[in-house]
Amino acid sequence: MREPAPGRDALYAAPLATQLPFRFDAAVADVFQDMISRSVPGYGLTLQMLAVAARRFAQPGSACVDLGCSLAASTLAMRHHVPAGVHLLGVDNSQAMIERARALVARDSAQAPVELRCADILDVELPRASLAALNFTLQFVPLAERAGLLSRIAAALLPGGALVLSEKLAFEDPAEQELLGELHHGFKAQQGYSALEIAQKRNAIENVLVPETLQMHRQRLHEAGFRRVTVWLQCLNFVSLLAIR
Ligand code: GEK
């Protein structure tokens, strides 16, 4: 198991000769906790809300699943609040993330069993679950695969089970898109990222992270079989939805 280096993200700090598309490789995994905390307004609160969801929705004899688990932050947020008899499954297709996540889970004090699997969430067989987290992951899944994935999650959830879906948003109104994009960059600047870092990261992530509108998410969740869909957190162009089966 590889111990995660709790590094500060400076991956885009120096001018890059060639700009490669963003990948969840070892360099990103090493600084991921810092990167996501300083890039996603409300990220810490989404983790706190997953703990609230675990208390409300996790049922003994079922699983809580964390799809696109990265360093298992959402898994661990749930793990500390599930009742006895719940097991957790975290899935990520980045080997670098899973290696570091295993080390973090090994150091964690909670008791509920955790399995971390290096796999594509589009292929993995989902266990019978009472709570699922897609915390900033659907945005990396090809558009054509998103509806099928949500239907599979809905089918795996017990009646009354819930999905927490957190995403970066796009807006139909160009002025709203521009304003919230600008404010998001303002947030990143306030978190200590330079203008060069913000610009180089934006170029790297373009076409890798593909955001959609809130209306699209709501509609697709209903079509997948969720009977209640509600926004329970939003900060700028980042939203978290609670969808109940
Ligand atoms: C958190 N949820 O800290 N199969 C498996 N994993 C995938 C796939 C896929 N098809 N596509 C992307 N990933 C975490 C944060 S990060 C969000 C999630 C971000 C994985 C990818 O390897 C990465 O680890 C994660 O999804 C997205 O609560 O970086 O903005």
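First listed ligand is number 1; within each ligand, the first listed atom is number 1. FYI, the numbering just counts along the sequence from 1.
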Criterion side chain to side chain donor-acceptor pair (under 3.5 Å) on Q219 and E223, from CA distance to verdict: CA-CA 6 Å; Q219 184 187 325; E223 285 168 3; 3.2 Å; yes

Nearest option to [atom], as decided by whichever heavy atom of [options] sits closest:
atom: atom 2 (N) of ligand 1; options: G68, G90, S74; value: G68
atom: atom 23 (C) of ligand 1; options: L71, D92, T46; value: D92
atom: atom 29 (O) of ligand 1; options: F238, F24, F22; value: F24

Can you tell me which residue and heavy atom of the protein come closest to [atom], and the distance to 0.1 Å?
atom: atom 19 (C) of ligand 1; result: F140 CE1, 3.5 Å
atom: atom 18 (C) of ligand 1; result: S70 OG, 3.2 Å
atom: atom 27 (C) of ligand 1; result: F136 O, 3.6 Å
atom: atom 5 (C) of ligand 1; result: N93 N, 3.2 Å

Any N or O of I121 closer than 3.5 Å to N or O of ligand 1: yes

State the atoms of ligand 1, each with its element, that fall below the 4.0 Å cut-off from a heavy-atom position in [X].
X: Q139; value: 30 (O)
X: S94; value: 22 (O)
X: N135; value: 2 (N), 14 (C), 15 (C), 18 (C), 28 (O)
X: Y43; value: 1 (C), 3 (O), 28 (O)
X: D120; value: 4 (N), 9 (C), 10 (N)
X: A119; value: 4 (N), 5 (C)

Inter-residue atom distance S74.OG - L131.CG, 0.5 Å rounding: 10.0 Å

Atom pair CD/SG of E99 and C118 - distance to nearest 0.5 Å: 8.5 Å

Sole residue of S62, P60, C64 in side chain to side chain contact (heavy atoms under 4.5 Å, CB included) with V82: C64

Identified side chain to side chain contact (heavy atoms under 4.5 Å, CB included) partner of V239 from the options T46, L165, L169: L169

R227 backbone acceptor or donor facing R245 side chain under 3.5 Å: no

Donor-acceptor contact present, side-chain E167 to main-chain L138, <3.5 Å: yes

Neighbour count above 12 (heavy atom, 6.0 Å) for Q191 CD: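 Yes - once you tally the heavy atoms of other residues, nucleotides and ligands closer than 6.0 Å, there are more than 12.
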
Geometric class of the F187/H184 ring pair [parallel <30°, tilted 30-60°, perpendicular >60°]: parallel

Aromatic plane relationship, Y43 with F136 - under 30° parallel, 30 to 60° tilted, over 60° perpendicular: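 Ring orientation, 0 to 90° scale: tilted.
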
Sub-4.0 Å heavy-atom approach of M35 to ligand 1: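 Distance cut 4.0 Å: M35 fails for ligand 1.
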
